[in-house]
Amino acid sequence: MRSRVAHRLQVALEKRFPERRLFLRSDTETRFIRLKPGTQLLAWTGVTLTVAWTIIATAILLMDSIGAGNFRAQAMRDKLVYEERLNAISDERDARAAEAVAAQQRFSSALEQVSMMQSALLRTEDRRRELETGLEAVQATLRRTMTEREESESQVAALTAAMETGDGAPGTGALSGELQGTLDILADALADTAEERDEIAENAEFAVTRAQDLELELRLMRDRNDEIFRQIEEAMTVSVEPLDDMFRAAGMDTEDMLAAVRSGYSGTGGPLTPLSFSTMGGEPDEDTLRANGILNRLDEINLYRIAAERAPFDFPLRDAYRMTSGFGMRWGRMHEGTDFAGPIGTPIYATADGVVTHAGWSSGYGRLIKLQHEFGIETRYGHLNAIRVNVGQRVSRGERIGDMGNSGRSTGPHLHYEIRVGGTAVNPMIYIRAGSDVF
């Protein structure tokens with residue numbers, strides 16, 4: 001059976017590739033080489049495979065070249081889009097910076113107005129108390145004068161009755177002379193009392209008129225203070241809302257954040273101490289409550305400012321840069337940061353106040369700096385050329401901590417910037433965009 005199959009295959013090969021002879025002739029002899037069908041089949045198969053491999057390799061090279069050209073074109077388009085977005089973000093950051101400066105100026109003006117208003121209220125309170133004291137003294141003097149007048153009139157009536165009763169009795173002339181002298185003294189005293197009464201009445205009338213003027217002045221001052229309060233409250237709202245939006249855009253709970261900052265700054269006293277005076281020594285009046293509300297808002301703004309310095313809302317670069325890779329999947333792996341390319345030696349700055357927890361070589365990152373911030377936030381700065389801080393050192397936002405480089409697994413000089421919250425990597429652009437709306 002096998003011989004039959006082999007014979008048939010041999011016959012088929014001889015039909016397709018008949019036996020050939022290759023003659024090699026020289027000057028003295030002639031030789032030939034027999035090319036059997038199997039040999040011809042092997043040669044034909046080798047040539048066919050070689051040609052096919054050449055065609056496929058050429059096609060792959062052409063497709064790779066075309067794909068590389070498309071990739072470069074796409075990379076250029078992405079670069080232009082990133083540059084346009086960065087320019088837009090830069091313009092918006094400048095606009096927000098101008099708004100922040102204007103808000104700071106309004107805040108300073110509002111603080112001055114609050115101080116002036118507080119001084120005016122204190123002066124008004126002192127004048128009102130002095131006026132009340134003066135009115136009480138005038139009323140006491142009037143009551144005393146009326147009492148003395150009634151006593152004098154009673155004495156005159158008693159003396160007059162005694163004179164009428166003792167008329168014609170022995171010693172009446174001497175008694176009459178004594179009574180006449182007493183009446184003269186009483187008359188003079190009554191005249192002096194009447195003059196004093198008239199003077200006191202004039203003073204009382206002046207005091208009443210002055211009280212009415214002070215009441216009108218106080219009412220006008222209250223209207224003016226109400227307008228000042230309204231403007232200050234609007235300025236506080238305008239100043240607080242962008243800060244609150246910034247933290248919420250970064251996914252942070254503002255209540256927990258402010259509580260954490262407040263727990264670290266629990267001292268009292270100073271210019272933001274709540275007002276405690278009142279007009280009658282009882283409950284604070286409406287103006288005092290509004291002033292305390294404004295002071296609370298000022299304290300809240302101060303807490304936001306402290307929190308903003310301790311959260312990474314700043315940008316790690318000040319010089320020109322190019323964004324080369326964002327946060328997300330890249331080459332089948334998760335890229336847990338954002339890459340910014342620039343010349344070697346470009347200064348790198350801390351994006352928030354923090355403590356250096358690592359400053360040295362790390363596999364993949366090359367030269368790496370880790371900063372631990374408040375609220376469980378950590379920032380990483382990788383592929384550096386130089387490190388300018390030490391472990392345990394406290395750094396401030398905007399302080400230079402290193403230089404851009406090309407260390408570790410890197411294809412060119414750039415900064416690999418990461419933000420981790422509770423150990424989990426988050427997109428740094430969330431914090432950068434949130435901060436660009438305010439700073």
Side-chain angles (χ1 to χ4, degrees), residues 72 75-76 78-94 96-97 308-328 330 335-373 377-391 393-420 425-436 438-439:
R72 286 194 295 270
M76 290 299 296
D78 292 342
K79 175 184 175 182
L80 293 175
V81 171
Y82 277 127
E83 288 179 351
E84 291 177 357
R85 289 176 59 188
L86 289 174
N87 290 333
I89 291 174
S90 179
D91 294 339
E92 188 175 0
R93 179 188 63 189
D94 295 339
R96 293 296 181 272
E309 292 178 353
R310 284 155 177 74
F313 290 108
D314 205 353
F315 200 74
L317 298 173
R318 299 287 186 273
D319 298 331
Y321 64 90
R322 180 169 54 91
M323 184 175 177
T324 55
S325 183
F327 180 87
R330 185 182 68 176
H335 185 238
E336 297 180 332
T338 303
D339 293 343
F340 303 99
I344 292 179
T346 300
I348 306 299
Y349 301 93
T351 55
D353 295 354
V355 179
V356 180
T357 58
H358 179 88
W361 189 271
S362 179
S363 177
Y365 288 100
R367 293 183 182 89
L368 173 68
I369 295 175
K370 294 181 183 180
L371 298 182
Q372 184 64 46
H373 309 284
I377 301 176
E378 180 189 69
T379 54
R380 297 184 177 184
Y381 311 80
H383 307 306
L384 300 179
N385 185 61
I387 296 175
R388 298 178 178 270
V389 292
N390 300 313
V391 175
Q393 179 180 343
R394 298 194 64 86
V395 297
S396 302
R397 178 166 63 94
E399 182 177 345
R400 184 174 181 177
I401 59 176
D403 300 340
M404 185 181 294
N406 191 28
S407 59
R409 288 199 300 269
S410 174
T411 58
H414 72 284
L415 168 68
H416 175 81
Y417 177 58
E418 285 186 22
I419 294 180
R420 293 176 178 264
V426 298
N427 190 352
M429 294 307 296
I430 295 175
Y431 284 82
I432 292 173
R433 291 193 187 100
S436 66
V438 176
F439 299 107

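To the nearest 0.5 Å, atom CG of residue Asp339 and atom CZ of residue Arg322 are 10.5 Å apart. Atom OG1 of Thr338 is separated from atom CD1 of Ile432 by 6.5 Å, given to the nearest 0.5 angstrom. Separating the OG atom in Ser363 from the CG atom in Leu368 is a distance of 11.0 Å, to the nearest 0.5 Å. Separating the CD1 atom in Ile348 from the CE atom in Met404 is a distance of 4.5 Å, to the nearest 0.5 Å. Remark: Gln393 CD to Ile369 CD1 distance equals 9.5 Å, nearest 0.5 Å.
For Phe327, there are no ring-ring contact (aromatic ring centres under 6.0 Å, His included) partners two or more places apart in sequence or in a different chain. Tyr417 meets the side chain to side chain donor-acceptor pair (under 3.5 Å) test with Thr351; sequence neighbours excluded. Not counting sequence neighbours, the partners of Ala386 by the side-chain contact (heavy atoms from CB on, under 4.5 Å) test are Asp403. Scored by the ring-ring contact (aromatic ring centres under 6.0 Å, His included) test, His335 finds His416 as partners (sequence neighbours excluded). The side-chain contact (heavy atoms from CB on, under 4.5 Å) test applied to Arg85 returns Val81, Tyr82, Arg433, not counting sequence neighbours. Scored by the side-chain contact (heavy atoms from CB on, under 4.5 Å) test, Gln372 finds Thr357, Glu378 as partners (sequence neighbours excluded). Residues that satisfy the side-chain contact (heavy atoms from CB on, under 4.5 Å) test with Pro347, not counting sequence neighbours, are Asp319, Tyr349, Arg400. Residues meeting the salt bridge (charged side-chain N to carboxylate O under 4.0 Å, His left out) test with Arg394, sequence neighbours left out: none. Arg318 meets the side chain to side chain donor-acceptor pair (under 3.5 Å) test with Asp314; sequence neighbours excluded.
Of the possible polar contacts, none joining the Ser407 side chain to the Asn385 backbone as a donor-acceptor pair under 3.5 Å is found.
Using a 4.5 Å cut-off on side-chain heavy atoms (C-beta onward), Met429 and Met323 make contact. Between Tyr431 and Ile377 there is a side-chain heavy-atom pair separated by less than 4.5 Å.
Sorted by first and then second residue, the pairs that involve residues 349-368 and meet salt bridge (Lys or Arg N to Asp or Glu O under 4.0 Å), not counting sequence neighbours, are Arg310-Asp353.
Considering His373, Arg420, Glu418 in turn, His373 is the only one that fulfils the side chain to side chain donor-acceptor pair (under 3.5 Å) rule with Thr379.
Ring pair His414/His383 is tilted by interplanar angle, where 30° to 60° counts as tilted.
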